[in-house]
Amino acid sequence: MALADLPRSWLTFSAPVMAAQAAGRPLVALESTIVAHGMPYPDNVRTAREVEAVIRSLGAEPATVAVMRGRIRIGLSDEELEFLGRSGQAQKVSRRDLPAVLTNGGIGATTVAGTMICAALAGIEVFVTGGIGGVHRGAQESFDISADLQELARTSVAVVCAGAKSILDIGLTLEYLETHGVPVLSCEQDNFAAFYTRDSGFRADYRLDDPTEQARFIRTKWDLGLTGGVVLSTPVPESAEMSLGEIDALTRQALAEAGTQGITGKAVTPFLLARIKALSGDRSPATNIALVKHNAAVGARLALALAHTRRGARG
C-alpha cells in the first residue's frame with residue numbers, strides 16, 4: 001500500500017455513499033455528536049434521518065461520520081444510526097481523540113473538528129453542522145478555545161453552519177478566524193449568525209447568497225493552494241428564532257451555574273446547552289432542529305455547485 005493511501009485505509013464507506021460516488025453525486029458530511037450528545041433519544045435519530053432526507057431531496061448524498069469497531073464510518077446504516085443514538089456510550093472525537101478511539105475499538109461521535117478531518121480523508125468538500133465551536137467566554141483566564149477553529153485553519157472543507165453557538169464569545173471567535181486566514185461567508189444576511197438567533201451583531205467577511213458564487217469563491221481559494229476551511233454562515237429560519245436578549249440571559253445564568261459546580265473543559269458546552277434547553281422551557285431544541293435542517297439544504301446546494309465547478313475545470 002502506498003504511503004498516501006494509509007489514512008484512507010481506516011475508512012469504511014456505506015453502500016449508499018459508495019453508490020453516490022460511483023454515480024458522481026456529491027457528498028455532504030454530517031457530524032455524529034449531535035446524534036450522540038446533542039439531543040435525547042428518539043429525537044436525535046429522527047432529526048438525523050430528517051436531515052439526511054433533506055440532503056437527498058436536493059440531489060446530494062449525506063454521509064454521517066462516526067467511529068465504530070475500529071473504523072471511521074463514512075455514512076451510517078439505519079441500524080448503526082439507531083445504535084449510536086441509543087447507546088449513551090459514544091465518546092466525543094476531535095483531532096486528539098481519533099487515534100485512541102480507533103485503537104480501543106470504542107464508539108466515537110465526531111465533533112466539528114473530527115468530522116472535518118474524516119471528511120477530508122474521504123474527499124468530501126462540504127460538511128453541515130449546527131454551529132461551530134469557538135472562543136469561550138472568559139477564555140482570557142481559562143484559555144478555552146475550541147479545536148474547531150484550529151481545524152478550520154488547516155483542513156480544506158467548507159463548513160455550513162448557523163454561525164457560532166451563542167454561548168461563546170463570538171467577537172473573539174471571528175478575530176481568531178481572521179488571524180488564521182479562515183474566510184467567513186454569510187448568506188441570506190450581511191451579519192454572522194448566532195445559532196439560536198439570526199444576528200450576532202458582527203458582520204461576516206463576505207455575503208454570497210448564490211450557491212454558484214459560494215462555490216466559485218471556495219474553489220478559487222483552494223485552487224490557489226490556500227489550504228484550510230471556509231465558514232458559510234446561514235441564519236436559523238425566522239419562525240424558529242429565539243431573541244438574542246433571551247439567549248444571552250439564559251447563557252449567563254447557565255455559565256454562572258457551571259462555574260459554581262466546577263464544570264470545565266469539554267463538559268462545559270453540553271452542560272450549557274442542556275441548561276439552556278431546560279431554562280427555555282424546551283423551546284431551544286425546536287430551534288436547533290430547524291436550523292440544522294436549513295443548514296442541510298444550504299449545504300446540499302453548495303455541494304452540487306462545488307461538484308459542477310470541479311467538472312467544469314476538467315472540461
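Because the structure is predicted, anything quoted here is derived from the model rather than measured.
Scanning for side chain to side chain contact (heavy atoms under 4.5 Å, CB included) contacts around Thr33 gives Glu31, His37, Lys92, Ala109, Thr111, with sequence neighbours left out. Residues passing the salt bridge (Lys or Arg N to Asp or Glu O under 4.0 Å) test with Arg49, sequence neighbours excluded: Asp78, Glu82. Taking Ser57 as the reference, nothing meets the side chain to side chain contact (heavy atoms under 4.5 Å, CB included) condition, with sequence neighbours excluded.
Evaluation of the ring pair (Phe, Tyr, Trp, His ring centres under 6.0 Å) test over residues 124-174, restricted to residues two or more places apart or in two chains, returns none. Among pairs with a residue in residues 145-183, those fulfilling ring pair (Phe, Tyr, Trp, His ring centres under 6.0 Å) read Tyr176-His180, at least two apart in sequence or across chains.
Grouped by direct or indirect side-chain proximity (heavy atoms under 4.5 Å, Ile/Leu/Val/Met/Phe/Trp/Tyr only), Leu226 sits with Leu224.
Summarising the local packing, CD of Glu238 is surrounded by 12 or fewer heavy atoms from other residues, nucleotides or ligands at distances under 6.0 Å. Within 6.0 Å of CZ on Arg216 lie no more than 12 heavy atoms contributed by other residues, nucleotides or ligands.
Val182 places none of its side-chain heavy atoms less than 4.5 Å from the side chain of Val230.
For the residue pair Thr309 and Arg219, a side-chain donor N or O sits within less than 3.5 Å of a side-chain acceptor on the partner. Between the side chains of Glu241 and Thr287, no donor-acceptor pair is found at a separation under 3.5 Å.
Proximity of a side-chain donor or acceptor of Asp148 to a complementary backbone N or O of Ala113 within less than 3.5 Å is detected.
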